[in-house]
Amino acid sequence: MPQLEARHVTLASESRAVLADAALHGAPLQVLAQLALRGLLRACVPAAYGGLREAVEMRDLVVLRLLLGELSPLADTMFAMQGLGSYPVQLAGSEAQKRALLPGAADGSLVCAFAITEPEAGSDVGSMQTRAERRGDEWVLTGTKTFISNAGLAHRYVLFARTSDDRKRGISAFVIEGDRAGLEVEPLKLLGDHPVGTLHLRGVMLPAAALVGQEGDGLKLALSTLDFFRATVGAAAAGMAQRALDEARARVKSRVQFGKPIAEHQATQLAIAEMAVDVRAARLLCLDAAETADLGGNARDAAQKAAMAKLFATEAAQRVVDRALQLWGGAGLVEGTTVERLYREVRALRIYEGTSEIQKLVIARTELART
């Protein structure tokens with residue numbers, strides 16, 4: 001069974017305390033400011049650039065996303081994007097790029113984003129069509145990115161574009177400012193409260209120094225980033241599931257039908273039991289994946305555990321939230337109730353950062369490669 005170290009337990013406890021009275025609903029930038037004020041964004045960045053620890057630890061991200069998913073899915077998204085949108089620079093950025101981006105990610109003065117998805121390139125990242133053409137000392141970017149969290153809010157995007165037609169080495173990563181000429185944002189209205197949009201790159205010109213790492217390393221960099229954050233998506237889902245279970249438990253104890261609280265009906269008890277098992281199993285899988293990653297476990301096992309954590313936790317959270325709404329009955333459908341909000345927010349987690357189907361393929365291929 002995974003065991004958190006005292007420092008991770010302390011972080012979770014202190015974070016719950018400082019967030020108890022925080023305004024974690026409403027405008028995304030206000031929510032981000034609350035996270036920055038309480039120092040939580042520092043967990044996304046190494047200490048050398050204003051972060052919490054010498055290196056970013058997945059266990060920190062998991063315990064924080066368990067908490068944020070429970071308290072506020074919007075806060076969880078804003079927290080996660082600071083990490084996801086800065087991690088490629090941590091991995092491969094120049095010292096100048098790190099100095100320009102990471103301190104701002106840690107203190108919330110820069111809003112970060114990660115731009116990889118395209119209208120015809122989702123799970124198949126290698127089929128992206130956005131192009132970056134080298135012209136002297138500059139890159140010229142053309143194309144479209146879509147379903148990009150923090151679109152329109154981000155000060156910095158780490159954006160991936162094709163620099164050659166090579167299937168494996170044809171994608172590169174760039175840091176692009178949100179106010180660059182030629183970058184146009186089209187807002188999208190999706191389920192949930194976090195800002196999402198489409199980016200249109202119409203001849204965006206970037207200096208050569210905007211390239212992150214080496215030309216052609218973009219696909220490897222993107223997949224490394226997604227691998228690192230995959231289990232933390234499961235943690236956010238587990239947090240949402242915990243909140244749904246809490247809401248359901250309170251509801252069935254207070255709601256009376258057929259002369260007694262519905263908690264006393266056997267069918268309700270069976271549903272609560274299944275929900276509790278799903279929540280606990282999801283939490284443990286995420287913590288186990290984080291422990292393996294942080295303690296230097298086998299890379300293949302770490303990737304498989306992360307995929308298992310995301311797959312199970314997001315699917316389980318969908319079940320738990322759905323059952324919670326069912327137990328609430330018609331009242332759970334009223335816009336603005338917690339279970340209604342969770343029902344909208346939880347669905348996307350089974351899609352972004354690798355669909356459930358992709359996670360199954362990762363798990364199966366790893367398992368079949370074993371001797």
Side-chain angles (χ1 to χ4, degrees), residues 1-20 22 24 35 38-47 50-73 75-80 82-84 86-87 90 106 224-246 275-317 320 349 353 359:
M1 179 181 294
Q3 295 290 330
L4 289 174
E5 296 178 14
R7 55 185 170 154
H8 303 112
V9 175
T10 299
L11 176 64
S13 177
E14 291 178 347
S15 298
R16 181 175 289 279
V18 301
L19 290 174
L24 296 179
L35 297 175
R38 287 157 173 79
L40 299 193
L41 301 180
R42 296 177 59 227
C44 299
V45 174
L52 183 64
R53 309 200 196 282
E54 182 178 354
V56 175
E57 296 191 7
M58 193 186 296
R59 285 169 293 180
D60 284 335
L61 301 184
V62 163
V63 297
L64 287 174
R65 294 196 73 178
L66 282 166
L67 174 61
L68 291 171
E70 179 183 343
L71 297 178
S72 167
D76 170 71
T77 297
M78 299 308 293
F79 171 81
Q82 291 298 97
L84 195 66
S86 64
Y87 196 71
Q90 295 180 41
S224 295
T225 299
L226 294 172
D227 281 347
F228 187 79
F229 281 86
R230 190 156 288 141
T232 78
V233 179
M240 293 183 199
Q242 180 66 61
R243 181 62 180 274
L245 175 58
D246 294 344
M275 294 163 72
V277 171
D278 270 344
V279 170
R280 181 161 178 78
R283 289 174 64 92
L284 290 174
L285 278 170
C286 294
L287 290 169
D288 182 50
E291 183 180 80
T292 300
D294 285 346
L295 299 183
N298 178 277
R300 183 178 65 178
D301 289 342
Q304 187 186 46
K305 285 184 176 183
M308 287 179 170
K310 183 182 188 294
L311 171 66
F312 183 87
T314 56
E315 294 286 342
V320 171
L349 275 64
E353 292 187 44
Q359 304 315 311

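For reference, positions follow the sequence shown, starting with 1. Any value given below was found using the heavy atoms of this structure, including those in side chains, with hydrogens, waters and symmetry copies removed.
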Heavy-atom closest contact (Leu245 atom, Ala276 atom, distance): CD2-CA, 3.9 Å
Leu61 vs Cys44 side-chain heavy atoms within contact, under 4.5 Å: yes
Check: Glu5 and Val9 side chains under 4.5 Å, non-hydrogen atoms: no
Results of side-chain contact (heavy atoms from CB on, under 4.5 Å) for Ala317 - residues two or more places apart only: Ala237, Ala241, Val346
Side-chain heavy-atom pair Thr77, Leu68 within 4.5 angstrom cut-off: no
Least distance between heavy atoms, Ala281 atom then Phe312 atom: CB-CE2, 3.6 Å
Which residues share a side-chain contact (heavy atoms from CB on, under 4.5 Å) with Ala236, sequence neighbours left out: Arg65, Asp76, Leu349
Close side-chain approach of Leu11 and Arg7, heavy atoms under 4.5 Å: no
Ser72 side chain vs Leu24 backbone, donor-acceptor pair below 3.5 Å: yes
Heavy-atom donor-acceptor pair, Arg283 side chain to Ala238 backbone, under 3.5 Å: no
Nearest heavy atoms of Ala289 and Ala309, plus distance in Å: CB-CB, 4.2 Å
Pairwise distance CG(Leu285) to CE(Met308) - rounded to 0.5 angstrom: 8.0 Å
Side-chain touch Val56/Phe228, heavy atoms, less than 4.5 angstrom: yes
Stepwise side chain to side chain contact (heavy atoms under 4.5 Å, CB included) test for Leu84 and Glu353: CA-CA 10 Å; Leu84 195 66; Glu353 292 187 44; 3.6 Å; yes
Nearest heavy-atom neighbours spanning Leu35 and Ala75: CD1-O, 3.4 Å
Polar side-chain atom of Arg230 near backbone of Ala306 as donor-acceptor pair, under 3.5 Å: no
Geometric class of the Tyr87/Phe229 ring pair [parallel <30°, tilted 30-60°, perpendicular >60°]: perpendicular
Minimum side-chain heavy-atom gap Pro46-Arg53 below 4.5 Å: no
Contacts of Asp294 that satisfy side-chain contact (heavy atoms from CB on, under 4.5 Å) - sequence neighbours left out: Glu57, Met58, Arg59
Nearest heavy-atom neighbours spanning Glu70 and Arg243: O-NH1, 3.1 Å
Inter-residue atom distance Met275.CE - Gln242.CD, 0.5 Å rounding: 9.5 Å
Side chains of Ser15 and Leu64 in contact at under 4.5 Å (non-hydrogen atoms): yes
Beyond-backbone contact of Leu4 with Glu291, side-chain heavy atoms, under 4.5 angstrom: no
From NZ (Lys310) to CD (Glu315), nearest 0.5 Å: 8.5 Å
